[in-house]
Amino acid sequence: GAVVSQHPSWVICKSGTSVKIECRSLDFQATTMFWYRQFPKQSLMLMATSNEGSKATYEQGVEKDKFLINHASLTLSTLTVTSAHPEDSSFYICSATSGGAGETQYFGPGTRLLVL
Amino acid sequence: AQSVTQLDSQVPVFEEAPVELRCNYSSSVSVYLFWYVQYPNQGLQLLLKYLSGSTLVKGINGFEAEFNKSQTSFHLRKPSVHISDTAEYFCAVSRNAGGTSYGKLTFGQGTILTVHP
């Protein structure tokens with residue numbers, strides 16, 4: 001099946017620094033990638049939808065200047081958490097799909113971020 | 001907008017027993033329905049999905065789900081569980097019409113299935 005990787009798998013950073021998370025589709029071209037955030041014992045909350053070559057669409061309440069998303073190619077999307085604060089600590093998960101609504105989204109293994 | 005409710009946060013069951021994980025959804029438009037499984041420290045993996053056609057959908061690992069439009073439900077079932085089925089299960093929906101939310105998934109809160117020997 002299709003494989004999506006994320007890097008790094010976990011990261012610890014100091015408050016005020018920026019962290020970049022990569023999401024790659026390894027064996028297919030992803031026209032759309034999604035970024036989710038998962039708090040402990042809670043469900044996944046969609047943060048933004050990223051289409052290759054265009055600006056990301058952010059969900060209500062998600063700060064676009066805080067969470068910068070770049071989808072430069074059909075196999076790579078990046079999420080940069082700028083000026084991270086402890087409340088940004090979370091599990092960030094990306095997914096990728098090559099089609100529309102009925103197409104399967106393939107999920108990455110997630111990135112655990114801890115901001116001290 | 002769509003919403004998904006998974007009625008049980010935790011389901012303990014003994015090995016080889018049957019299990020049902022319940023999922024109800026709310027939507028003003030037609031939806032596609034999905035079940036995903038998340039093993040510890042891993043990403044989500046698709047179990048099965050309903051797009052159209054037969055309301056009984058069979059997925060991987062012996063799981064199946066039945067779409068009930070009148071009850072807006074999509075319950076997941078397995079006739080005999082294994083220890084290896086211990087994981088968290090998420091029900092999700094997406095719109096099957098165009099528009100800005102096309103392709104976006106709305107997840108339920110998750111159900112932790114624990115299979116005991």
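What you see is a predicted model, and the numbers here were worked out from it, not measured in a lab. All chains are named by letter (A, B, ...) in the order of the sequence lines, taking the proteins before the strands, and each is independently numbered beginning at 1.
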Item to check | Closest-packed option against chain B by number of heavy-atom pairs under 4.5 Å, given A:P109, A:S9, A:G110 | outcome: A:P109
Checklist entry - Who wins among A:Q105, A:E59, A:Q42 for the most heavy-atom pairs under 4.5 Å with chain B? => result A:Q105
Rounded at 0.5 Å granularity, tell me how far [atom1] in [X] sits from [atom2] in [Y].
{"X": "B:Y32", "Y": "A:T104", "atom1": "OH", "atom2": "OG1", "result": "12.0 Å"}
{"X": "A:Q38", "Y": "B:F90", "atom1": "CD", "atom2": "CZ", "result": "5.0 Å"}
{"X": "B:L105", "Y": "A:F107", "atom1": "CG", "atom2": "CZ", "result": "5.5 Å"}

Checklist entry - Residues of residues 109-117 of chain B under 4.5 Å from chain A (heavy atom pairs)? => result B:Q109
[X] and [Y]: same hydrophobic cluster, using ILVMFWY side-chain contacts below 4.5 Å?
{"X": "A:W35", "Y": "A:Y106", "answer": "no"}
{"X": "B:L46", "Y": "B:V31", "answer": "no"}
{"X": "A:F67", "Y": "A:L113", "answer": "yes"}
{"X": "B:F74", "Y": "B:L76", "answer": "yes"}
{"X": "A:L68", "Y": "A:I21", "answer": "no"}

Next on the checklist: Does atom NZ (A:K64) have a neighbourhood of more than 12 heavy atoms from anything else shown, all under 6.0 Å?
Outcome noted: no
Can you tell me which portion of [X] sits under 4.5 Å from chain A's heavy atoms? Options are side chain, backbone, both or neither.
{"X": "B:Q38", "answer": "side chain"}
{"X": "B:L44", "answer": "both"}
{"X": "B:Y36", "answer": "side chain"}

Next on the checklist: Please classify the contact of A:L44 with chain B as side chain, backbone, both or neither, using a heavy-atom distance under 4.5 Å.
Outcome noted: both
Item to check | Test side chain to side chain donor-acceptor pair (under 3.5 Å) applied to B:K104 and A:T49, step by step | outcome: CA-CA 8 Å; B:K104 295 181 184 178; A:T49 303; 4.6 Å; no
